[in-house]
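Read the numbers this way: they start at 1 and go in the same order the structure lists the ligands and their atoms.
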Amino acid sequence: MTAAEYRRRRRRLVAAVGPTGIALLPAASESVRNRDVCYPYRQDSDFSYVTGFPEPEALAVLVPGRKKGELVVFCRPCDAEREQWEGARAGVDGVRRDFGAATAYPIARLDKVMPRLLENRDRVYYPVGVDPEFDRRLMRWVGVVRGKARAGIRAPTEFVVLERLLSEQRLRKSRAERALMRRAARISAAAHRRVMRLCRPGLWEYQLEAEFVETCTARGGRFQAYPPIVGSGANACVLHYVDNRRRLEDGDLVLIDAGCELAGYASDITRTLPVNGRFSPPQRALYELVLAAQEAAIAKAIPGNRWHDMHKAAVRTLTAGLAELGILKGGSRAVPKLIKKEKYKPYFMHRTGHWLGMDVHDVGDYRVDGKWRRLEPGMVLTVEPGLYIPADRTEVPARYRNLGIRIEDDILITPEGNEVLSARAPKTVADIESCMSGGKPPVPGATETGDKNHGRGNDRILED
Ligand code: GLY
Ligand code: MN
Ligand code: MN
């Protein structure tokens, strides 16, 4: 992302904040995993969107109309001893030089400097209620400003959630963002193809996860946008299953919902595979139905259509198909009533998609002025219908039970219609079966230890 793009983003934010407002954007905190170990650090998306600054313990302040420059950043100062252990810091000079700050202070000066910046500002935009300690600290600064009332200094009177201002901007992706998201989706698509070639009975779910992550990492997608979901058999019916430690059995389907994050932008792709490389007739019937629903929904992902049109198309296709297969009763004439009574919901209980961007479930309202939002070029979203029929759904013919299927693609709305960013991940029955039969690569590091599949919770340690 160029410096000019960050400047453009800040200009728009300043315009939205207005001449007597001020915006405060805290960096994400580090979070402890156990004792001296932290979770991998991920910068807050809004903070990153506005500054590009990757370090924790920082606060960005946008002060519209400030004579010395509108961006003030508080950050960790350079510290040779700490940097010896933890790596380089930008420091106050670096943040001015490389991140567009007009003024920078060591973070320890926050309580001294902030009251001054808040003087004569009426409205403070910040992430209200997200971090109670930050809320309290802000109120202390405001208290200091109030103490200057007799000197003719006004203190802020309104405190407004910042997210709404940025989410409208973040919802429409710039050319550079679109290019990044295309690359992220292509890396993830390559990883899905790799998993398809590797998949076979006897492997463990986490081996597919490892292969997926390794392929992304090797191509520059160093982080996953969310923990990979690799659910085989009954696990495919658990929407956000992340245990990933069951052994794949001949005759199972396996659902893989995984996507890398590239330079802070997410991809989010799901493919469902027959573990042995061939869909059985009932698996195929359900799979083709989900695919038809997904394609019907993608056809509705065009400028001018409303957000809900995609979900409606998916529901209509799925309900008609379930009626045709005899899973829902009443035949094709009953379809409108089955939809009205939401009879599909036990098998398709989530919505058809979400916005995608820096966050996998990205910001942006789905309804505007009481109506579903209209799609515009530059928006990116997922389309991900599914069918989930666990073993205990005894009202469903036995051949369709124990199957979970989801197909998810990343869609960029374009002036002409849409672009499927994740199109390189095979998804027709023929393409998946052909990819899976394309010569099995060896499983890196795997030496069979001959243990039995005891289902979830049975950990295995690979021999060297
Ligand atoms: N991977 C989470 C989702 O599809 O929404
Ligand atoms: Mn998704
Ligand atoms: Mn997903």
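- Annotation: cation-pi pair R373/W307 absent, no NZ/CZ under 6.0 Å from the ring centroid and within 45° of its normal.
- Taking only nitrogen or oxygen atoms, main chain and side chain alike, H354 reaches within less than 3.5 Å of ligand 1.
- Near Y226, with a cut-off below 4.0 Å to any heavy atom, the atoms of ligand 1 are 1 (N).
- Within the 4.0 Å heavy-atom criterion, the part of D268 lying near ligand 1 is the side chain and not the backbone.
- Between F159 and Y126, the ring planes are perpendicular. Angles over 60° get that label, and only those under 30° would be called parallel.
- Annotation: cation-pi pair R9/Y6 present, NZ/CZ under 6.0 Å from the ring centroid and within 45° of its normal.
- At a cut-off of 3.5 Å, with distance as the only test, no side-chain donor of Y226 or Q224 sits close to an acceptor on the other residue.
- The Mn ion (ligand 2) has H354 among its coordinating residues (N/O/S atom, backbone or side chain, under 2.8 Å).
- Under the side-chain hydrogen bond (donor to acceptor under 3.5 Å, both in side chains) criterion, R76 pairs with E55, not counting sequence neighbours.
- Annotation: R406 places no N or O atom under 3.5 Å from an N or O atom of ligand 1; distance criterion only.
- Of all protein atoms, those that are N, O or S and lie under 2.8 Å from the Mn ion (ligand 3) total 4.
- Sparse packing is recorded around NZ of K343, with 12 or fewer heavy atoms of other residues, nucleotides or ligands lying under 6.0 Å away.
- Other residues, nucleotides and ligands place no more than 12 heavy atoms under 6.0 Å from the CD atom of E324.
- Between F348 and Y344, the ring planes are tilted. Angles from 30° to 60° get that label.
- Those atoms of ligand 1 with a heavy atom of E408 less than 4.0 angstrom away are 4 (O).
- Shortest contact from atom 5 (O) of ligand 1 to any protein heavy atom: H361 NE2, 2.7 Å.
- By the 30° and 60° cut-offs, the orientation of the rings of F53 relative to F99 is perpendicular.
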